[in-house]
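Contents: one structure, followed by commentary.
Side-chain atoms are counted along with the backbone in the values below, which use heavy atoms only and exclude waters and symmetry mates. Below, chains carry the letters A, B, ... as their sequence lines are ordered, and counting in each starts from 1.
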Protein chains: 2
Amino acid sequence: MQRVTIKDIAKKLNLSKSSVSRAFNDKYDIKKETRDLILKTAEEMGYFPNPIARKLSQSKTYNIGVVVPEFINDFHAEIIIGIHRILNPKGYQVLVMQSDSTPEMELKNVQTLIQNMVDGLIIAPSSDSDNLDYYLKQMNAGTPMVFVNRIAETFEAPKVVCDNKKWSFFATEHLIREKYKKIYHLSGNKNISVARDRIKGFKQALRKHQFAEEDFKVIETGLLASGGVEVVEELLYRQDLPDAFFCINDLVAMGVIRTLKKNNIRVPEEIGVIGFSETQMAKLTSPQLSSVQQPTYEMGEKAAELLIRHMNDEEVKEATIVLNGKLNIRESSKRS
Amino acid sequence: MQRVTIKDIAKKLNLSKSSVSRAFNDKYDIKKETRDLILKTAEEMGYFPNPIARKLSQSKTYNIGVVVPEFINDFHAEIIIGIHRILNPKGYQVLVMQSDSTPEMELKNVQTLIQNMVDGLIIAPSSDSDNLDYYLKQMNAGTPMVFVNRIAETFEAPKVVCDNKKWSFFATEHLIREKYKKIYHLSGNKNISVARDRIKGFKQALRKHQFAEEDFKVIETGLLASGGVEVVEELLYRQDLPDAFFCINDLVAMGVIRTLKKNNIRVPEEIGVIGFSETQMAKLTSPQLSSVQQPTYEMGEKAAELLIRHMNDEEVKEATIVLNGKLNIRESSKRS
DNA sequence: CTGAAAGCGCTAACAA
DNA sequence: TTGTTAGCGCTTTCAG
């Protein structure tokens, strides 16, 4: 069964291909009746425009590339859904690739996508310091790009971020208000600006509440549950347990809680725990996990909108959108 | 900066476009030296083939559509990753859409993808009884399709499924061996063949171990944690708690465990719980959740391989691949 | 082994 | 308002 083309319709109606084409792109002049006629017979003949042909002649692919560190986690999955929500209705197709959280793979994915001629890119970088030169070069060469989440503040590009420092501050302050006296921050990886910002917020809160500087303890754990497990085991061994953990993410927090409970330490009575980047899991565990929720869907949506504006040549080179988080206080951090 | 085309290379080397094209598609005759020369200068000039042009002239898009119920869960995310693993290296791009678990949206997505001229489709249906006529029609019209997971056994199409009945049987038998005497099965939704198969396995195990037929209790809960919560609350109210729950998935199991613990019922000592479709969460909770793990990545890989064979016109119309699961026994179901 | 030329299906100047 | 025509960049048949 051959696909119907504009040529077939033109022949059938004794019109030219151009007229048919025009009927489908209402930016050109065409008499209303002929257009209606064309649209009607097109419908009858089961015609659908061939997107590839259109892409070739318009030299526009309507493809948008998205690169995320990984898509098995709620955070990035939700960002991707947000992106879809904006882009799909506008006729764009979204090509998602994951970088396995490595800058090398990320670069490779971006290159692949550019070679496949995406019209624009949304990148959720794995770190904020790698590949920047390359990205800058590509942007100057005319590839519209928008960055999400982990990206250096100083990098001059359209970006969508959360106010990590602020919400880290609130999370820490919440622990302080709950009368936790010795609070450790389990930080993911200091190469990531997001983590650095959270450290800043953490320290700022402690400082505000007159904690001694020597108590500003930050431990790097990576982003996996195992990181939380190991830290607690280590601290137990060294008999240096704090009475609260503020964790870089929910996974680490879960690792912490598990290990504490295994050692018969009660959460939140003896030790409070709070996570970040709320996951579905937070509500399902016992104790339910307190966590800072980020507006993930909105991050994706804003990034997509920014990209569209960027592709339309609006001047958004340095537009930065900062979104707000939200502190969900549940059982794991409530002593009162 | 204009993109380099084969024409530019041809001009530079005083060759014809065809030769340059041939150099990149080694199915045609071309002298080795000229080919090497072309490849070398192409490299120097920073040439990349324009995929759109190639697609148009080959009338092949190298796009594969994938429709899943949703991608915020490990199960489907892992299937998608499996698909990527096979398809990306072969130069295919994967377009993923989610149906929000409704047949209507699923149909719409499939139609959109077909209009966008994907070369083939992998569908993880939201139910196994909807849209089948349409799919059959499309397949007969020449669109290669492969189905994954929730799909009726009798539907004649290439498909990749798990042996749900078998692993449901093993899960139930495991509970029996742990001396649980009154086992309820929390089933998702009987419209889904996967759920029906698990019910079969459940009953088969009870039968084998001489449980009374009146004890074959199956309760529909949907697929969310809230379903588990509500059932336990209801059963508590009616004072009809079993001593073990075999749950359709980990989310429901988590809801069950949470609610039991809230009511000071110990898991697994008083009540055992086991999930299905292992999630990352299973290892992170306390007690750690026993669950049947399905080979999700492999399901995606097999589906992609099947699709490729199908697109190459191998006769695989009715090929069904049945994969094996695995029972991960953890704390939530071990009384001994 | 290489070149010329047609064509994939559509868009977009330009003419009429 | 409509038709003619020349592409978009590549593949592929046919000649040479």
Side-chain angles (χ1 to χ4, degrees), chain A residues 1-39 41-42 45-63 91 93 114-119 142, chain B residues 1-39 41-43 45-63 91-93 114-119 142:
Chain A
M1 196 180 71
Q2 237 5 72
R3 208 181 154 103
V4 182
T5 71
I6 48 170
K7 205 168 145 192
D8 300 321
I9 302 177
K11 202 185 299 169
K12 177 141 189 178
L13 294 177
N14 275 319
L15 285 167
S16 69
K17 285 193 303 175
S18 353
S19 294
V20 180
S21 172
R22 281 190 269 257
F24 286 95
N25 301 277
D26 44 25
K27 50 185 161 177
Y28 295 104
D29 294 338
I30 184 167
K31 194 165 37 165
K32 191 170 178 320
E33 295 117 58
T34 48
R35 200 191 61 192
D36 291 345
L37 178 64
I38 290 171
L39 259 34
T41 51
M45 298 174 72
Y47 167 78
F48 290 110
N50 180 327
I52 306 286
R54 155 186 294 212
K55 288 168 183 185
L56 181 61
S57 69
Q58 291 192 150
S59 43
K60 196 179 162 186
T61 64
Y62 290 94
N63 277 174
Q93 306 204 285
I114 289 178
Q115 283 170 31
N116 276 290
M117 310 211 308
V118 290
D119 292 341
Chain B
M1 199 178 69
Q2 237 5 69
R3 207 179 153 105
V4 183
T5 72
I6 49 171
K7 205 169 146 192
D8 301 321
I9 302 177
K11 202 186 297 167
K12 178 142 186 176
L13 294 177
N14 275 319
L15 285 166
S16 69
K17 285 192 303 174
S18 349
S19 294
V20 179
S21 173
R22 281 191 268 259
F24 285 94
N25 299 278
D26 44 25
K27 50 184 162 180
Y28 295 105
D29 294 339
I30 185 167
K31 194 165 35 166
K32 190 170 178 321
E33 294 118 57
T34 48
R35 199 190 62 192
D36 291 345
L37 178 64
I38 290 170
L39 260 34
T41 50
E43 167 100 47
M45 296 173 74
Y47 168 78
F48 290 108
N50 179 326
I52 305 287
R54 154 186 295 211
K55 288 168 183 185
L56 181 60
S57 69
Q58 291 192 150
S59 44
K60 197 181 161 185
T61 64
Y62 290 95
N63 277 174
Y92 287 95
Q93 307 205 284
I114 289 178
Q115 281 171 31
N116 276 290
M117 309 211 309
V118 291
D119 292 342

Expressed in angstrom and rounded to an integer, what is the separation of [X] atom [atom1] from [N] atom [atom2]?
X: Asn50(A); N: dG9(D); atom1: CG; atom2: P; result: 17 Å
X: Gln58(A); N: dG7(D); atom1: CD; atom2: P; result: 18 Å
X: Leu15(A); N: dT11(C); atom1: CG; atom2: P; result: 16 Å
X: Lys11(B); N: dA4(C); atom1: NZ; atom2: P; result: 14 Å
X: Leu56(B); N: dC10(C); atom1: CG; atom2: P; result: 9 Å
X: Glu33(B); N: dC1(C); atom1: CD; atom2: P; result: 9 Å
X: Arg22(A); N: dA15(C); atom1: CZ; atom2: C1'; result: 11 Å
X: Ile52(B); N: dC8(D); atom1: CD1; atom2: C1'; result: 11 Å

Practice problem: Please evaluate the base of dT4(D) for a donor-acceptor partner in the side chain of Ser18(A) within a cut-off of under 3.5 Å? | Solution: yes

Exercise. Could you check Asn14(A) against Phe48(B) and say which one's nearest nucleotide on DNA chain D is further toward the 5' end?
Key: Asn14(A)

Self-check item: Earlier contact from the 5' end, DNA chain C, for Arg35(B) and Ala53(B)
Solution: Arg35(B)

Practice problem: Would you confirm whether the ring centroid of Phe24(B) sits within less than 6.0 angstrom of the ring centroid of Tyr47(B)? | Solution: yes

Between [options], which nucleotide gets closest to the side-chain atoms of [X]?
X: Ser57(A); options: dG7(D), dC8(C), dT2(D); answer: dG7(D)
X: Asn25(A); options: dT2(C), dT11(D), dT11(C); answer: dT11(C)
X: Ser16(A); options: dT4(D), dC10(C), dT11(D); answer: dT4(D)

Using a 4.0 Å heavy-atom cut-off across all strands, classify [X] as base, sugar-phosphate, or nothing.
X: Asp8(B); answer: nothing
X: Lys55(A); answer: nothing
X: Ser59(A); answer: nothing

Quiz item: Are the side chain of Arg54(B) and the backbone of Lys60(B) linked by a donor-acceptor contact shorter than 3.5 Å?
Solution: no

Practice problem: Report yes or no: does Asn25(B) contribute a side-chain atom to a donor-acceptor pair with the main-chain N or O of Ser21(B) at less than 3.5 Å? | Solution: yes

Exercise. Report the C-alpha distance between Asn63(B) and Met117(B) in whole Å, list the side-chain angles of each, state the deciding distance to 0.1 Å, and finish with yes or no for side-chain contact (heavy atoms from CB on, under 4.5 Å).
Key: CA-CA 8 Å; Asn63(B) 277 174; Met117(B) 309 211 309; over 6 Å; no

Can you tell me if the side-chain N/O atoms of [X] get under 4.0 Å from OP1 or OP2 in [N]?
X: Thr34(A); N: dT2(D); value: yes
X: Tyr62(A); N: dC10(C); value: no
X: Ser21(B); N: dC10(D); value: no

Quiz item: When rounded to the nearest 0.5 angstrom, what distance separates OG1 in Thr41(B) from CG in Asp36(B)?
Solution: 10.5 Å

